[in-house]
Amino acid sequence: MVPEKDLIPQADHLTVFFASQTGNAESISRNLHEQAMERGFKSAHYMLNDHAKVDWEKEKCLVFVVSTTGDGDPPDNSTKFWRHLRKLKGVGLTKAKYAILGLGDTNYDNFCQTAKRLDTRLQELGATSFYPRGLADDATGLEETVDPWIKNLWPALAHQVICAPMIHDLPQPHLSAEEEKVVKELIHQHDLEPHVSPAVSASPKKVNATDSMVKGGFVPLAAATTTTATTRPPALGSSSISNLSKGMETLAVKEKEVIPVVPATGYKVEVDFSSMANHANLTALPRVPNANLKITDVTADNTTATKSATAGSIPSFIQTPTPLLSAKINNVQCLTPEDALKRTLSVEFGFEDDVDYAPGDAFGIWAPNDEATVLGVLAALGVKEEEYQKQVKLEGEGIPSHLQPVQSATLLDIFRYSVDLTTTPKKANIRLYGDHATDLVEKQKLMFMASKQGAEVFNAFRAQGPSFLDILKTFPSIKLPVSRVIETLPPMQPRYYSITSSPMAKNGHRRWACAFNVVEYELPEGVKRRGVCTPWLDELVGKVPFGASVANPTKTRVPMFLKPNETRFNLPTDTLKPVIMIGPGTGVAPFMGFLEHRSEQRRIKKRLVNIGTGPRQHLDDHFGDMWLFFGCRHRERDWLFRKEMETYKQEGVLTELQLAVSREENVPNSGKYVQDLIKKEGARLWKLLDKKQALIYVCGDAKGMAKSVHDELVNVLVEHGGFEKMAAMMELNKWAQEKRYLRDLWA
Ligand code: NAP
């Protein structure tokens with residue numbers, strides 16, 4: 001007998017949801033939604049936090065594309081949805097059939113946890129899966145799972161959803177027959193060394209071939225053989241700064257604009273394309289996303305254009321999960337000398353009003369892209385300087401969610417704050433660039449890298465971490481309309497930092513401190529790479545030298561917002577509970593906040609006890625042990641917060657300080673890594689865990705350190721607690737669920 005759930009009539013549409021932290025899940029889900037429409041399905045596309053736009057009890061076919069972030073956490077744009085899902089009771093989703101595609105990375109624990117949790121919860125609510133769950137691994141390449149999962153989804157969907165008769169043929173997922181023919185011809189005819197002159201590409205034979213490509217979406221020959229036939233962006237147009245937080249008027253970009261910035265030119269990426277000659281047929285070329293974005297000039301629209309963002313403010317289109325704040329920089333210190341491997345800064349931000357937070361919370365900074373890179377990209381795209389400041393509106397059905405609030409902004413600000421210019425573009429972008437390359441050899445190389453046959457070359461290319469500007473430098477014949485660039489680049493991401501200060505300290509609610517490494521490094525090829533936020537801050541405060549402490553280093557305001565810790569990675573309210581903190585490098589950041597907080601708690605307690613009439617009690621009776629396991633390379637170079645740690649130890653705030661030193665020999669009472677010290681102190685640790693139910697906090701790198709520390713904690717339970725290995729692992733999992741073992745892990 002057919003189970004009752006299978007008798008549900010076909011849905012008349014499907015609904016595609018995404019939860020995306022960096023934009024991957026969003027672009028994959030949009031691609032899926034667009035393909036569904038092209039195939040004749042009726043489809044809707046929503047962010048999971050927009051769940052209320054859908055009547056879930058009536059939905060019959062749901063497709064989810066969800067990524068996982070941090071230590072198995074759901075993306076920020078799905079947190080409201082999860083709260084809603086937790087509240088739902090009973091089996092209200094019995095009508096729904098669903099399919100889930102999860103994105104994750106096996107380098108981290110809790111691989112694709114969001115997808116797995118969603119699957120379980122949907123089943124609890126009575127929904128039925130109609131298609132096997134896909135779990136794509138970024139460590140091996142998302143497309144390895146994503147492409148076949150989507151390909152095989154169509155027949156499964158056809159059983160679930162009524163598909164309107166198609167009025168047009170399906171677009172080719174790969175090269176069209178004509179394109180294929182041309183690429184093959186090119187492969188046989190050309191010398192494929194990197195420096196083939198464009199003149200060679202423009203032989204008469206290729207003239208015909210190129211003409212024949214026009215229908216397939218390739219550029220016309222005129223453009224293919226001349227570098228002047230660029231596609232110019234539409235006229236540009238105005239920016240609304242209406243909803244800015246207090247004090248936002250003097251934000252970041254101002255100082256940069258008075259200093260003339262030389263546009264960057266990018267690096268030319270050298271990759272060996274010789275294997276291209278062995279592959280006449282290119283397959284599995286990714287689908288290029290639809291061109292939905294329209295850039296409209298709104299210069300004349302005075303109702304939306306209040307003040308130019310380039311006068312030194314942050315544009316209102318930036319969307320943050322908590323209110324955007326404008327911070328001044330109170331103080332900056334460089335914690336590491338020049339011979340340290342990393343340059344670490346400690347920065348204190350200040351606010352005019354109180355901001356409530358707890359030690360363990362973090363904040364996000366919305367930094368602009370490097371100004372020279374922005375100018376370089378605009379120049380390489382052929383945008384004229386007079387167009388940079390015009391006010392424009394971004395419009396179009398189904399444009400990416402981060403672009404939808406751009407109602408009035410300058411192109412300059414869109415490139416500064418809205419798009420990610422540093423991440424290496426995905427294969428679908430490479431294919432798009434191939435479509436728009438006007439030099440045939442460049443086109444061929446780009447198409448090859450985007451294909452299945454060119455996977456190795458693409459990986460070698462990607463290993464050099466080329467930015468969008470580097471790609472334009474390497475393939476200068478790419479003539480992309482600005483609208484295509486804006487809608488296909490990943491969204492800009494805020495950068496997060498743990499708060500190292502306590503709200504209980506003097507003016508604590510009006511200051512947040514943090515510590516971070518300035519991300520700047522050089523590849524073996526000699527190419528210099530840098531992060532977005534930390535070099536920007538470093539320059540903003542004037543590259544403070546080691547040992548100096550500079551007050552009010554800049555007038556520039558920094559756009560930031562609070563990110564409360566959702567995992568209860570905060571100090572316990574019971575001050576007697578012992579706390580074991582494990583955090584090498586800047587992973588110690590939240591623990592500095594814990595320690596300042598405890599120091600303040602002790603100070604207040606001491607005052608109260610002294611004022612009171614009862615017998616003076618020993619302060620320590622009121623506070624549990626605080627143990628810190630910290631790791632650095634050299635004590636003299638990167639023992640961050642050494643003075644503070646030693647003072648806390650002296651005062652009794654810190655009861656145990658265990659220091660691992662990874663690149664110095666024979667350091668007394670030490671080990672190489674924090675996990676070695678956990679092993680050394682196993683017996684005492686177990687006593688604290690067993691007798692006093694101590695809490696364990698781990699903060700730092702999710703890939704290496706967190707796994708080794710976890711394994712060593714398992715060993716402590718085995719060696720000192722008498723657990724079997726499997727039981728020890730289960731016990732730690734139980735502690736994690738009970739929030740006794742808390743981890744704040746970072747990519
Ligand atoms: P780091 O300088 O790279 O490393 C600190 C120490 O950890 C070094 O002695 C290093 O030794 C050692 N180490 C390397 N691999 C290890 C492993 N597998 N197990 C244990 N120790 C290991 O640290 P970092 O760059 O500051 O990074 C700390 C992490 O904390 C990052 O993931 C960061 O994102 C995160 N985090 C930052 C903040 C913040 O607010 N800035 C807050 C929380 C967490 P060797 O190099 O000699 O091997």
Side-chain angles (χ1 to χ4, degrees), residues 69-71 73 105 107-109 332-337 339-349 357 359-365 367 493-501 512-521 531-535 537-538 560 562-563 565 567 569-570 581-595 628-642 658-665 667 670-680 697-713 742-747:
T69 172
D71 191 19
D73 306 320
D105 186 330
N107 280 312
Y108 302 95
D109 284 347
V332 60
Q333 272 179 283
C334 176
L335 302 182
T336 46
D339 56 353
L341 195 72
K342 298 183 183 178
R343 174 170 166 78
T344 311
L345 296 185
S346 165
V347 179
E348 186 187 291
F349 297 95
Y357 73 95
D361 289 346
F363 58 81
I365 295 185
Q493 298 295 319
R495 273 37 180 194
Y496 291 104
Y497 306 94
S498 297
I499 301 180
T500 54
S501 52
W512 292 345
C514 72
F516 54 81
N517 297 320
V518 178
V519 182
E520 276 177 322
Y521 55 97
V532 172
C533 186
T534 55
L537 283 173
D538 197 13
M560 53 206 297
L562 183 68
K563 186 171 196 285
N565 198 301
T567 58
F569 193 94
N570 303 110
M581 302 170 286
I582 305 158
T586 52
V588 78
F591 303 137
M592 297 317 294
F594 283 16
L595 288 165
L628 175 64
F629 291 83
F630 175 69
C632 61
R633 295 187 180 85
H634 297 269
R635 283 167 298 173
E636 300 303 326
R637 297 185 201 162
D638 59 353
W639 183 347
L640 311 177
F641 300 107
R642 177 177 188 165
Q658 289 282 335
L659 181 76
V661 186
S662 60
R663 301 195 190 179
E664 267 186 83
E665 300 291 327
V667 179
S670 186
K672 186 178 180 199
Y673 287 155
V674 283
Q675 54 270 33
D676 303 322
L677 300 178
I678 292 171
K679 186 178 174 63
K680 177 170 80 73
Y697 294 82
V698 183
C699 181
D701 157 44
K703 274 187 193 169
M705 183 276 301
K707 276 190 183 153
S708 309
V709 165
H710 183 85
D711 292 348
E712 209 44 66
L713 289 170
L742 294 131
R743 308 198 307 170
D744 189 10
L745 304 185
W746 298 55

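Small disclaimer: the values here were computed from a predicted structure and weren't measured. In listed order, ligands and their atoms are each counted from 1.
- The residue from Asp638, Thr586, Val588 that puts a heavy atom closest to atom 33 (C) of ligand 1 is Thr586.
- Neither the backbone nor the side chain of Leu341 comes within contact range of ligand 1; no heavy atom lies under 4.0 Å.
- With respect to atom 23 (O) of ligand 1, the closest heavy atom belonging to the protein is Gly585 CA, 3.7 Å.
- Counted within 6.0 Å of NZ on Lys707, heavy atoms from surrounding residues, nucleotides or ligands total more than 12; the atom is thus considered enclosed.
- Proximity of Cys632 to ligand 1, defined as any heavy-atom pair under 4.0 Å, is confined to the backbone N, CA, C and O atoms.
- Here the protein heavy atom with the shortest distance to atom 31 (C) of ligand 1 is Asp701 N, 4.2 Å.
- Residue Val674 comes nearest to Val709 through the heavy atom pair CG2-CG2, 3.9 Å, listed as atom of the first residue, atom of the second, then distance.
- Ligand 1 places these atoms under 4.0 Å from at least one heavy atom of Tyr497: 40 (O).
- Side-chain atoms of Asn517 never come within 3.5 Å of backbone atoms of Lys342 as a donor-acceptor pair (strictly under, hydrogens ignored).
- Scanning all protein heavy atoms for the shortest distance to atom 30 (O) of ligand 1 gives Gly700 CA, 3.3 Å.
- Shortest contact from atom 6 (C) of ligand 1 to any protein heavy atom: Gly631 O, 3.7 Å.
- Residue contact check: Asn517 has heavy atoms under 4.0 Å from atoms 24 (P), 25 (O), 26 (O) of ligand 1.
- Closest non-hydrogen pair, Trp746 versus Ser498, comes out as CZ2-OG, 3.3 Å.
- Of all atoms in ligand 1, listed by their number and element, those nearer than 4.0 Å to a heavy atom of Arg663 are 45 (P), 46 (O), 47 (O).
- Distance from atom 7 (O) of ligand 1 to its nearest protein heavy atom, with residue and atom name: Pro584 CB, 3.7 Å.
- By the salt bridge (Lys or Arg N to Asp or Glu O under 4.0 Å) test, Arg642 is found to be paired with Glu636, Glu646, residues two or more places apart in sequence or in another chain being considered.
- Here's the thing with Ser662: one of its N/O atoms is less than 3.5 angstrom from an N/O atom of ligand 1.
- Here the CG-CG distance, from Asp538 to Leu345, works out to 5.0 Å after rounding to the nearest 0.5 Å.
- With respect to atom 20 (C) of ligand 1, the closest heavy atom belonging to the protein is Gln675 OE1, 3.2 Å.
- Under the 30°/60° scheme for interplanar angles, the aromatic rings of Phe569 and Tyr697 are found to stand perpendicular.
- Remark: distances from the non-hydrogen atoms of Cys514 to ligand 1 are all 4.0 Å or more.
- Between the SG atom in Cys533 and the OH atom in Tyr497 there is a gap of 3.5 Å [rounded to 0.5 Å].
- Set against the non-hydrogen atoms of Gly587, the atoms of ligand 1 under 4.0 Å away are 28 (C), 30 (O), 44 (C).
- Contacts with ligand 1 closer than 4.0 Å are made by heavy atoms of both the backbone and the side chain of Arg633.
- A distance-only check finds a donor-acceptor pair linking the side chain of Thr500 to the backbone of Ala513 [under 3.5 Å].
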Next item on the list: Let me see the working for Tyr357 and Phe363 under ring-ring contact (aromatic ring centres under 6.0 Å, His included), right down to the final yes or no.
Entry: CA-CA 10 Å; Tyr357 73 95; Phe363 58 81; 9.1 Å; no
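- Each of the following atoms of ligand 1 lies closer than 4.0 Å to a heavy atom of Cys699: 43 (C), 44 (C).
- Side chain of Arg495 to main chain of Gln493: a donor-acceptor pair is present (N/O by atom type, distance under 3.5 Å, no hydrogens or angles).
- In this view, Asp744 satisfies the salt bridge (Lys or Arg N to Asp or Glu O under 4.0 Å) rule with no residue, not counting sequence neighbours.
- For ligand 1, the polar-atom distance check finds an N/O of Ser498 within less than 3.5 Å of one of the ligand's N/O atoms.
- Annotation: the span from Arg743 atom CZ to Ile582 atom CD1 amounts to 10.5 Å, rounded to 0.5 Å.
- Annotation for ligand 1: atoms under 4.0 Å from non-hydrogen atoms of Ala515 are 39 (C), 40 (O), 41 (N).
- Comparing Trp746, Phe630, Tyr673 by heavy-atom distance to atom 36 (N) of ligand 1, the nearest is Trp746.
- Looking only at protein heavy atoms, the nearest one to atom 25 (O) of ligand 1 is Lys342 NZ, 2.7 Å.
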